[in-house]
Structures are given as structure tokens and as C-alpha cells.
Amino acid sequence: MVSVRPTIVLGLACLALVLGVVPFAGLAGVFTIVLAVRVLRQEPRARVRMRAALAVSGMAVIVGLAWVWVYVEPPRRVVRGQSPVVLAVVGNELHSEGSFVTGALYPWAERRELSLASHLQASDSAYSLRIEGLHDETLQVDSVGLIVADHEPSVVLVPTTQETVVAVNGAVESLGPLSLVDAVVDGEPVRTWTVRFPRSNGTTGATRALLVLEARSTPFADEAFARYLGTMGQSMDPFMSWVTKETCSDACRQEVWDDETARLGIALRVSVVGAAAAPQSVAPVGAGGARTFAVLVDVPAGDGPIEIRLMSTPRFWDVARATLAPDAERRSYVTLTPALAELRHGEHVEDARELVSTSDRRRVALHDGDSLDLRFQAPPLAPGQARAIFIALRAHYRVPTGGRRFLNLPVIGAHRSGLVSLPRFASTLSSSVEKPSPDSATTTSAALSTGE
């Protein structure tokens, strides 16, 4: 038998590895392994090259087998993630205080969010909360706290998008209903609400004001996002976790978050007509119910009405109400950390107080069937005072990406380059989720309907 030249065998092994990017082509490495073994027997002096050929051929075979696994593994169903819900424990009853950190699907997207706890009441001088694990998801809780702000009964306190608490005094309604227009701007579908406010009650001559919104993200937005990720392949979850490491600084995380939310079109953008400031982005608010929050905006000089525009991807946001109030002093408050935090896995109970008392990236993981029970000592309330309680949750959650197998690199590249986008993808979908019932707290007027 004529021996095969060692250099040719090594070249064939390298070619098999390079061709491994093509499904199953790496299995040609089995052939080069056989050739390398034969050459090694015939020409012992070529052992260095043949050992290299065997190593390269082995890597090619591994790549080829990886493609076998990719095509054998069944595609996962697309799961519409549900952002974590915090429950108030009042006696023997549980009341939803809304969903939090919507869209925080990866460690780099983890954020802290404040929301008014409208149902929470003290029992035995303590407040009790519960967070439950959800099906198909893994919730990673970094910290949970309560912000307690005592105030005069005539004052209304709301959280801001900057995680502070402000008093809303002298808020004025708009001059007319919010007008809604759908259009295409720079190739992207955009929904714009326009609202005009009289310049009165403290806003005359002011340079800043509080835009108080009652709004929520929609279930359709969650559904469209899940389907869009599904087009990129079910390995997106480990891929995104690998791209942005856990060691990424807070500034790095914020930069990635701002870039991705802008690219995906999931934020609500707030701009004031005539003001020099750039539009502000409001992170998604859970679809579980409308939430009231304030956005500090710059207003132009003058005596005329103040016109504000809210922009989002069509059907991604519901805006139920908008009012404008003078900018006010930030209210002082007391931050409560858990006096008790019990993580329950079935019959097993763990003390998680140390893990969830501070934001230090030491997290508690909740899976389906798990629960985290928290108890906070209630400070005394002074006579004649009212109390507002806000839940402060810092967390992220993981939802297995469904859709096609492995990674669809062409679609990922098209997304990064702007050739495809979530807003354009969503415009082709019809929603399969149920609309809110007429008596729901999130019901909006016909002028504010989602158009689904």
C-alpha cells in the first residue's frame, strides 16, 4: 500500500476542522484519524505531525458531533416570560402588588425598581411579603426592602424613575384627551401620545416639572419579545450571558441596557416640545397592572401650554392617565431591611436574610414551586400622619429562549446591524394573549386602546 504523505494528512485534518462550521462536515475528521494512524505506523519519524493531525481531527469530530446534538435536540417552545410578582400578605390573604423589573432577563439587565404597595398593612407591628417562583423561569433576587415615608394626609407620594420619592401637589389634568397617532419614523413603527397641560399651579415660570403617569407595558410586548428572541435560536440565553460577564461594572451594565432597550424599542420615551433636553427613556413596567410613577422633565420658558409627547412601539405600552405637577422636594423616608427572610424549597426552609438585605450580587434563586417569605418590622406612625410604603426590589430573571435550535447567526447579525428590529417584527404579529377585562384596573379609554 502506497503511504500517504504526512503533510497531506495534516492538511486534510485542518481542512476537516475548518469545514466544521458546516453541519456534520467535521465528521470527516474520522477519515483523517484513520489516515494518520496508518501513516504513523508506516513512518514513525512523522509522529509529531501525525499526533498534531490526530489532535486536529479529534477537534473536528467534536464539532461534527456538536452539530448532531444541535439537530437531534428538539426545538423548545417559545415561552412568554412573566416578570416577578410581589405579593402582600394581609392576614390569610395574598394581594398582588404588581410585577417588577420587566425585561431584566440577564444579570447585566438586573435593576432596582420602586413601586407603591397599595395593599400592604401591618400585622403584629410587621409587614409581610411573599415572592413566588414561576413556571419556566428562574428568578434571581439580589435585594428586597421597604421604603416607608410618613406624610401629611393631604399629600400624595409617588416614586420617580430615578428611584426617589416625591410629593405630588397641585397636579393639573391635560387640556384635552391624549391624542394617539401611529406612524413610521426612519423605517420603524412608532406610536405617539401627545398631551398638553396648562401652565399653572406652580409650573408658571418653572424650568422643571413632574410628569405623573399611570401606565404599564402590555402582555403583547412580552409575547413579541419572546417570539423575536426565538428567531435567533434557543442558545441565546447562554450566549448573552457569555457576552456580558457577571463582572461587568454597573456603568457597563447600564450602557448595555440603554443600548439594548433603544435597539429593541421596549422603553417609553418622554420628550417635551420646545425643551432642549433629550428624550428620557422609561424602562418597561410590568403588564400585571398599571403603575403610577413620576418623570422629572425640563420645560421650556414661556406662558403657553406645555406639550409633552410619549413615544413607544405600537401595542407595547398602555397609558391610562397623565398629569403634570410642579417639581417638589424629595421626601425623606426610612428604608427597612428584612427582619426575616425564609426561602422554601418544598419542605426545606433556608434563612436567606443575609442574601437579600443588601445589593451585593449575592442572590436567592427561586424556581417553580419555591417561595421567599419576608417580614419587616413596622416603625411607629406619628399621630395625624399618613404612610406610604414602597417596595424596592433588585432582581433579574431567566427564561429559556425557545424557537429554533442553536444560534441563528445571520438573524443576530441582522439585528445588530439594524436590518431587522423588534418593532418591525411585532408589527407583523397578531396578539394571542387575552385583553384585560373591562373592570380591570388597567382598562383604558377607547382613545387609549392598544389597537390589538
Side-chain angles (χ1 to χ4, degrees), residues 1-81 105-108 136-138 225-248 260 367 398-422 425:
M1 177 179 179
V2 179
S3 67
V4 181
R5 295 179 59 86
T7 303
I8 296 177
V9 175
L10 180 58
L12 290 173
C14 293
L15 179 63
L17 180 60
V18 172
L19 292 178
V21 295
V22 179
F24 313 116
L27 295 178
V30 174
F31 173 69
T32 56
I33 287 175
V34 173
L35 289 180
V37 170
R38 289 187 176 182
V39 171
L40 188 59
R41 289 175 179 175
Q42 295 172 1
E43 301 183 31
R45 291 179 297 180
R47 62 179 178 273
V48 174
R49 282 175 291 175
M50 290 305 95
R51 286 176 180 174
L54 288 171
V56 174
S57 299
M59 289 188 287
V61 171
I62 291 173
V63 174
L65 291 175
W67 280 110
V68 173
W69 174 79
V70 166
Y71 277 86
V72 169
E73 182 191 23
R76 284 196 297 259
R77 64 187 179 89
V78 173
V79 178
R80 179 174 68 85
L105 293 179
Y106 305 103
W108 55 262
D136 289 324
E137 297 183 19
T138 299
F225 180 58
R227 293 189 190 182
Y228 188 62
L229 279 183
T231 66
M232 300 182 187
Q234 60 191 35
S235 294
M236 275 297 293
D237 185 54
F239 175 74
M240 287 299 296
S241 298
W242 174 76
V243 169
T244 305
K245 303 293 185 182
E246 175 67 14
T247 54
C248 180
E260 287 300 323
H367 306 277
R398 309 295 288 270
V399 181
T401 305
R404 59 171 293 164
R405 304 175 181 92
F406 202 51
L407 284 175
N408 191 339
L409 295 178
V411 173
I412 295 174
H415 166 72
R416 297 298 301 176
S417 64
L419 294 177
V420 298
S421 70
L422 175 58
F425 175 82

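Reckoned from all heavy atoms, side chains included, excluding hydrogens, waters and symmetry mates.
For the side-chain contact (heavy atoms from CB on, under 4.5 Å) with L35, the qualifying choice from L40, L12, L10 is L12, the only one to do so.
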Going by atom type alone, with no hydrogens or angles, which donor-acceptor pairs under 3.5 Å involve a side-chain atom of residues 46-53 and a protein atom two or more places apart or on another chain?
unit_1: R49; atom_1: NH1; unit_2: T7; atom_2: OG1; d: 3.1

Please list, one pair per line, the donor and acceptor atoms closer than 3.5 Å that link side chains of residues 25-32 to other protein atoms, with sequence neighbours excluded.
unit_1: T32; atom_1: OG1; unit_2: G29; atom_2: O; d: 2.9
unit_1: T32; atom_1: OG1; unit_2: S57; atom_2: OG; d: 2.6

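How far OH of Y106 is from CZ of R398: 7.5 Å, rounded to the nearest 0.5 Å. With rounding to the nearest 0.5 Å, the separation of CD in E260 from CG in L105 is 11.0 Å.
At distances below 3.5 Å, at least one donor-acceptor pair connects side-chain atoms of N408 with backbone N or O atoms of T231.
Of all heavy-atom pairs spanning P6 and V39, the tightest one is CG-CG1, 3.9 Å. Across all their heavy atoms, L54 and A36 have their closest contact at CD2-CB, 3.8 Å.
Take L419 and apply the side chain to side chain contact (heavy atoms under 4.5 Å, CB included) test, not counting sequence neighbours, and it matches A414, S417.
Considering only heavy atoms from C-beta on, S421 stays 4.5 Å or farther from H415 through its side chain. Residues F425 and V420 form no side-chain contact, since every pair of their non-hydrogen atoms from C-beta on lies 4.5 Å or further apart.
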